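Owing to the predicted nature of the structure, the values given are computational and were not obtained by experimental measurement. Here is the naming used below: chain letters follow the sequence lines, and residue numbers restart at 1 for every chain.
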2 protein chains.
Amino acid sequence: MKLDTIDKQLLVELQRDCKQTNKELSAKLNLSVTAIYERIKKLERSGLIQNYVALLDKKQLDLGFMVFCHVKLTQHSGKYITEFEREAIQLEEVLECYHVSGEYDYLLKVVVKDMEHFREFMINKLTSLQHIGSTQSSFSINEVKNTTAVRL
Amino acid sequence: MKLDTIDKQLLVELQRDCKQTNKELSAKLNLSVTAIYERIKKLERSGLIQNYVALLDKKQLDLGFMVFCHVKLTQHSGKYITEFEREAIQLEEVLECYHVSGEYDYLLKVVVKDMEHFREFMINKLTSLQHIGSTQSSFSINEVKNTTAVRL
DNA sequence: GCTGAAAATATGCGTCG
DNA sequence: CGACGCATATTTTCAGC
């Protein structure tokens with residue numbers, strides 16, 4: 001889909017705060033409420049806007065402990081990869097999972113309450129997955145930047 | 001803030017789709033529209049709901065190339081750390097940046113169009129930051145899971 | 001893309017358990 | 001205190017141009 005300057009401004013705004021009313025957006029972008037409405041619907045239909053979500057404060061939910069787990073599989077056949085991925089997706093502590101290049105096969109972003117819970121996760125969930133070779137974990141000491149908004 | 005079962009269900013729903021109407025939510029949770037409204041306002045006021053955002057399809061925006069950059073600083077004094085972080089935050093290609101434990105000091109999630117653009121980013125932006133020692137990059141081969149929603 | 005009206009929703013209030 | 005129903009302010013959504 002081809003985007004003009006107004007579409008891009010609109011996406012910048014919606015990535016920042018998707019609960020703004022069309023009226024507010026129309027004032028910012030100097031367009032009528034209907035024009036804003038039509039543009040947003042078009043962006044939604046095209047799939048460019050995937051969904052609208054609420055972002056929560058993980059600290060308040062006792063999920064302030066973030067760990068990046070690098071995972072190596074024992075073998076790399078298609079069957080092993082598919083099986084590992086199917087199981088990894090199910091783990092609620094795993095917010096993100098990427099098949100990556102380099103020494104390790106996967107990079108996982110894991111969110112738990114504290115070290116105790118991470119230990120539980122490692123023992124009972126991650127290392128008991130099929131085909132897991134070795135893992136290496138890095139703990140987040142400080143979240144310097146974390147945004148879902150991309151440049152336009 | 002103390003959350004009961006209904007609050008948790010509400011947060012599950014809002015993490016999935018924050019554009020649902022209070023009417024839809026009231027049907028799902030068997031509560032009145034007003035009760036849903038009051039609960040959401042309370043969750044917003046407490047800061048537990050941080051914000052509402054639109055998530056976009058990066059592929060369609062020509063940002064389908066994701067790279068994880070592990071960064072080592074030349075020194076680790078407070079001054080160097082602060083300076084690196086202040087500069088890293090500014091980079092639009094960097095969606096996330098964490099100070100982490102382990103061999104490398106930082107883990108960055110970088111989003112660009114393709115390898116060419118990543119090369120540009122490395123040469124002109126990342127490696128020209130102050131106090132950068134070495135870096136090691138892993139390319140995302142496959143995004144297996146990527147969610148913003150946490151368990152409740 | 002705009003204006004203007006209709007339908008749906010959000011929001012504030014008084015009241016009840 | 002928190003849930004409810006009702007009344008009204010706002011917003012969304014849809015014609016017609």
| note | Each nucleotide of nucleotides 10-17 of chain C classed B (base within 4.0 Å of a protein heavy atom), S (only sugar-phosphate) or -, in 5' to 3' order, makes SBBB----
| Taking only residues two or more places apart in sequence, or in another chain, which ones meet Phe121(A) in a ring-ring contact (aromatic ring centres under 6.0 Å, His included)? |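 With neighbours one apart ignored, the set is empty.
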| field | Side chain Glu24(A), main chain Thr21(A), donor-acceptor under 3.5 Å | value | yes
| Is the side chain of Gln130(B) donor-acceptor paired with the backbone N or O of Tyr80(B) at a distance under 3.5 Å, no angle test? |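 It does not hold such a pair.
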| request: Rounding to 10 degrees, work out the angle separating the end axes of the helix from dG1(C)-dC17(D) to dG17(C)-dC1(D) (five pairs an end). | output: 30°
| request: Write out all pairs satisfying ring-ring contact (aromatic ring centres under 6.0 Å, His included) with one or both partners inside residues 36-62 of chain B, taking only residues at least two apart or from two chains. | output: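 Of all non-adjacent pairs touching residues 36-62 of chain B, none passes ring-ring contact (aromatic ring centres under 6.0 Å, His included).
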Residues forming a side-chain hydrogen bond (donor to acceptor under 3.5 Å, both in side chains) with [X], sequence neighbours excluded:
{"X": "Glu93(A)", "result": "Lys125(A)"}
{"X": "Arg86(A)", "result": "none"}
{"X": "Lys28(B)", "result": "Glu13(B), Gln20(B)"}

| request: Give me the residues of residues 1-16 of chain A where at least one heavy atom lies under 4.0 Å from an atom of DNA chain D, by number, or none. | output: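 Heavy-atom cutoff 4.0 Å gives no residues at all.
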| query | Where does the angle between the aromatic ring planes of His99(A) and Tyr106(A) fall among parallel (under 30°), tilted (30 to 60°) and perpendicular (over 60°)? | reply |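 If you compare the ring of His99(A) with that of Tyr106(A), the planes turn out parallel.
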| query | Pairs in or reaching into residues 49-76 of chain A: which pass salt bridge (Lys or Arg N to Asp or Glu O under 4.0 Å), with residues at least two apart or in two chains? | reply | Lys72(A)-Glu103(A)
| field | Co-members of Val33(B) in a cluster of I, L, V, M, F, W and Y side chains, linked at under 4.5 Å | value | none
| What is the 5' to 3' range of DNA chain D, first to last nucleotide, that sits under 4.0 Å from any heavy atom of chain A? | dT11(D) to dC14(D)
| message | If you apply the rule side chain to side chain contact (heavy atoms under 4.5 Å, CB included), what do you find for Val12(B) with Gln9(B), and how did you get there? | response | CA-CA 5 Å; Val12(B) 167; Gln9(B) 286 178 279; 5.5 Å; no
For residues 131-143 of chain A, which side-chain donor-acceptor pairs fall under 3.5 Å, sequence neighbours excluded?
from      : atom 1 : to        : atom 2 : distance (Å)
His131(A) : NE2    : Glu83(A)  : OE1    : 2.8
Gln136(A) : OE1    : Tyr104(A) : OH     : 3.4
Ser138(A) : OG     : Ser101(B) : O      : 3.2

